[in-house]
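Each chain gets a letter, A, B and so on, in the order the sequences are listed, and its residues count up from 1.
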Number of protein chains: 2
Amino acid sequence: MGEEKIKEILHQAGLKYTPGRAALIDFLWRASRPLTQEEISLGLKESGLNKVSIYRALDSFLQAGLVHRLESGDRVWKFAFCGCGSRGHCHPHFICRACGKVECLTKVHLPEVAASAQGYIIEEQEVYFKGLCPGCS
Amino acid sequence: MGEEKIKEILHQAGLKYTPGRAALIDFLWRASRPLTQEEISLGLKESGLNKVSIYRALDSFLQAGLVHRLESGDRVWKFAFCGCGSRGHCHPHFICRACGKVECLTKVHLPEVAASAQGYIIEEQEVYFKGLCPGCS
DNA sequence: AATATAAACGCAACTCAATTGCGTTTAGAG
DNA sequence: CTCTAAACGCAATTGAGTTGCGTTTATATT
């Protein structure tokens, strides 16, 4: 992602531009799938961004709606850059039980579920498919 | 739940009948919603079942398909007794962002999603609705 | 009923992702 | 250039969940 675009995104979110955060956004954007802090740390090794700083940056991105955060069954947060803007997850995710990787199924259309039972206010919806990915099946 | 019924369930699962496990199954069955280990410990205080024993019993129940296990966004396992038999979750769950409680939406019908993209083998499906429950809205 | 044995249990110690505290550095507005 | 709040790094802490290990107990078999 271009530096100018990243500056614009951070500015619009009310966050400061720093080399670490720019590298983080670019890395998430290029991955185009949810990543753990560990995966991010490995990928940004040369940038030297601290583990705590990564978590804090991701938290502020989350609050600003720049990323989605999800658990995929192993009690580890995964973060994905997402430009859809909605607070709820805009697309389902596929979790491979063999390699553990998570993918965004941006092309899968989710039908509307009329779950507006009495008194329930539904703000977000998350859908997970679990099984084997093409590489593992 | 009756003692005979519990004995039958445990026997069918190849597990021994113990007072602790019987109390655990009955408690989960009466709750009819996913509970954390902490909630279970509080509810079974008088039974004195140890935290580790609860986790180990729940794990064996999980393997036997007697319970479902899910994460509801706070990195804490929740376990629910479920007689549906399927390994995948047979119904969606509602998570209240205010009180944190999770409910099984057994009455909500999930439409089939044709997500059988090339190479993906889908074994389970989990659907979460997040928002406010009747008590918190 | 007695015995054998594998499962279940309790306690203490451990793991590890995530968070907190705190002092230092830096971005960016004025 | 200066000032201030945001961002950062390091070390210590938290807490759900797990592991090791010795003891107890359910239950099948003699």
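- As rounded to whole Å, 10 Å separates atom P of C:dA18 from atom CD1 of A:I40.
- Atom CG of B:D59 is separated from atom P of C:dC9 by 13 Å (rounded to the nearest Å).
- Taking only side-chain nitrogens and oxygens, B:R21 never comes nearer than 4.0 Å to OP1 or OP2 of D:dA26.
- Rounding to the nearest 0.5 Å places CG of A:L70 at 7.5 Å from SG of A:C104.
- With no hydrogens or angles considered, a side-chain donor-acceptor pair links B:K78 and B:S72 at under 3.5 Å.
- The pair A:E71-B:R75 fails the salt-bridge criterion, with no side-chain N (NZ, NE, NH1 or NH2) lying under 4.0 Å from an Asp/Glu carboxylate O.
- One can find a donor-acceptor pair under 3.5 Å joining the base of C:dG10 and the side-chain atoms of B:R56.
- OP1 and OP2 of C:dA17 both lie 4.0 Å or more from every side-chain N or O belonging to B:R75.
- Each of A:S47 and B:K78 lies near DNA chain D, and the nucleotide nearest A:S47 is the one positioned closer to the 5' end.
- For D:dA16, the base has no donor-acceptor partner in the side chain of B:K51 [N/O atoms by modelled type, under 3.5 angstrom].
- Within 4.0 Å (heavy atoms only), A:V76 reaches sugar-phosphate atoms of the nucleic acid but no base atom.
- Atoms CG (A:L42) and C1' (C:dA17) sit 15 Å apart, rounded to a whole Å.
- Residue A:V52 is the one, among A:V52 and B:W77, whose nearest nucleotide of DNA chain D lies closer to the 5' end (criterion: closest heavy atom).
- Side-chain proximity of A:H11 to the nucleotides D:dA5, C:dA29, C:dA7 is greatest for C:dA29.
- The existence of a salt bridge linking B:R33 and B:E39 is confirmed by a sub-4.0 Å separation between a basic side-chain nitrogen and an acidic carboxylate oxygen.
- Atoms CG (A:D74) and P (D:dG17) sit 13 Å apart, rounded to a whole Å.
- Taking atom CG of residue A:L24 and atom P of nucleotide D:dA7, one finds them 12 Å apart after rounding to whole Å.
- Proximity of A:T18 to the phosphate of D:dC8: a side-chain N or O atom is located under 4.0 Å from OP1 or OP2.
- Rounding to whole angstrom units, CG of residue B:L62 and P of D:dG17 are separated by 13 Å.
- Between the side chain of A:S60 and the main chain of A:A57, a donor-acceptor pair closer than 3.5 Å is present.
- Backbone-only engagement by A:G48 is indicated by non-hydrogen atom pairs under 4.0 Å involving sugar-phosphate atoms exclusively.
- Rounded to whole Å, atom P of C:dG28 lies 9 Å from atom CG of A:L10.
- Atoms CD1 (A:I54) and C1' (C:dT20) sit 17 Å apart, rounded to a whole Å.
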